[in-house]
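Remarks on the structure that follows.
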Number of protein chains: 2
Amino acid sequence: MGRTAGRSPQDTRRALLDAAGEAIRTRGVNATLDEIARHAGVSKGGLIYHFASKDELILELARDLLASFRAQVENRLDPADTEPGRLTRAYVRALLAPTEDEVVARKSMALITQLMTIPAVAELVDADTRQLNAELHADGLPPDVMTLVTATADGVSSAPLWGESSTGPEIRQLERRLIQLTRQPGLWQELPWEE
Amino acid sequence: MGRTAGRSPQDTRRALLDAAGEAIRTRGVNATLDEIARHAGVSKGGLIYHFASKDELILELARDLLASFRAQVENRLDPADTEPGRLTRAYVRALLAPTEDEVVARKSMALITQLMTIPAVAELVDADTRQLNAELHADGLPPDVMTLVTATADGVSSAPLWGESSTGPEIRQLERRLIQLTRQPGLWQELPWEE
DNA sequence: AAAACTGTACCGACCAGTCGGTACAGTATC
DNA sequence: GATACTGTACCGACTGGTCGGTACAGTTTT
């Protein structure tokens, strides 16, 4: 049988990547090629045509997830905002905003930890993280405030990993306050810290 | 052959649990029973004698890691401290203190995410998290401050998951400040937040 | 008809779990 | 104090099933 009517090869590729994500999310790395293919409406042979091996599929999936996360941060960049800390603000919005997209993002980030046992993927993630971290450090904020803000964002977004998440208004308040700290770092730095 | 001279069955059990942790940390869930057994100085048969199946081994490992994390938090409880927020402070110390033990704890927590594809483990982790969360909420701090502090701690401790960790003095400073916030929640709450 | 795909049948490696056996420390019986 | 028996701890060969990868024939599109 040949190509299914009404779907371009690009679409098939995407469907395979999505199916792989879905499968690994629920069944871990032991997810079968057959399972993934079937879930994408393709046979195993079809999958292999697009991705020569399972490792390649997984590597591509990791690349895809990383790129998607990056895009989500960049989408939150305010073009009108040219003050120091603009990337940090986008980062906070990306991690704390409860959009439908965000839920997928969180799940996806969780997914990546499963993939890290493959050396090539670990390297990729490491490089990507280093890059983003460097950019955040070069965002013009005092390091201590930047660290506080991003660490908190990381913590909130990693919470659903271990259980349920509180998407309530408390998170919105926290988001507003974190962003305000990036606008007025002095608020934090000039608190009457003992010692 | 019988028991190897100089090692009790309890020790063997421990060695197997440790080996399982080590193996899963590096090779993921695909770690072989044979590999784990060999690493603990036992044969596969010996492993199966102690743990009837791979799932049982993994479940027991999860239980062990969870208990160890809890113990690490409880060890940080200051007996002289009876003020509100004492558990939160122990939590912060456990996650931010750069002890040798702490490094293992972080790696172990990362490990657990790998194990969550097994339903029984996921349930266990969920119950444990819920419990700890409830206790933190009942720790006597205003919810917004408690959320900020624990989220930040979570973020810092989950950072090494995605790359390198900064165990430098900045973290120590952050630790001191977070703890101070638990002692004087007003510092945070009464900042001049807009809106 | 060439290029771009898809589905099926199959092979071989790998691995969880089984099972028959070994070693040996106790305990009981005579 | 010797013999017989029991339970615990462990070993390693084997099996049955699973899954990644290959080979190739068939089917569309251009």
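Order of the sequence lines sets the chain letters (A, B, ...), proteins ahead of strands, with each chain counted from 1. All values reported here derive from a predicted model rather than from experimental measurement.
- Every stem involving DNA chain C, taken as at least 3 paired positions in a row under the Watson-Crick or G-U wobble test at 3.5 Å, is listed here: C:1-30 with D:1-30.
- If you check distances only, the side chain of K44(A) does reach the base of dG20(D) with a donor-acceptor pair under 3.5 Å.
- Ion pairing of R70(A) with E135(A) is present here, as a side-chain N (NZ or NE/NH1/NH2) and a carboxylate O approach within less than 4.0 Å.
- Counting non-hydrogen atoms under 4.0 angstrom, A37(A) reaches nothing in the nucleic acid.
- Under 4.0 Å is where a charged nitrogen must lie from a carboxylate oxygen, and between R13(B) and D64(B) no such pair does.
- A straight line from CG of D34(A) to P of dT22(D) spans 16 Å, rounded to a whole angstrom.
- Look at D81(A) and R89(A) and you find a salt bridge, because one of the NZ, NE, NH1 or NH2 atoms lies within 4.0 Å of a carboxylate O, short of that distance.
- In this structure, L47(B) places its CG atom 11 Å from C1' of dC10(D), rounding to the nearest Å.
- Separation of atoms CG (L148(B)) and CD (E170(A)) is listed at 12.0 Å; rounding is to 0.5 Å.
- Under the 4.0 Å criterion applied to side-chain N and carboxylate O atoms, D78(B) and R93(B) are not assigned as salt-bridge partners.
- Atom pair Y49(A):OH and dT28(D):C1' shows a separation of 13 Å (rounding to whole Å applied).
- As a whole-Å value, the separation of F51(B) CZ from dG17(C) P is 14 Å.
- For the pair I36(A) CD1 and dC19(D) C1', the computed distance is 12 Å after rounding to whole Å.
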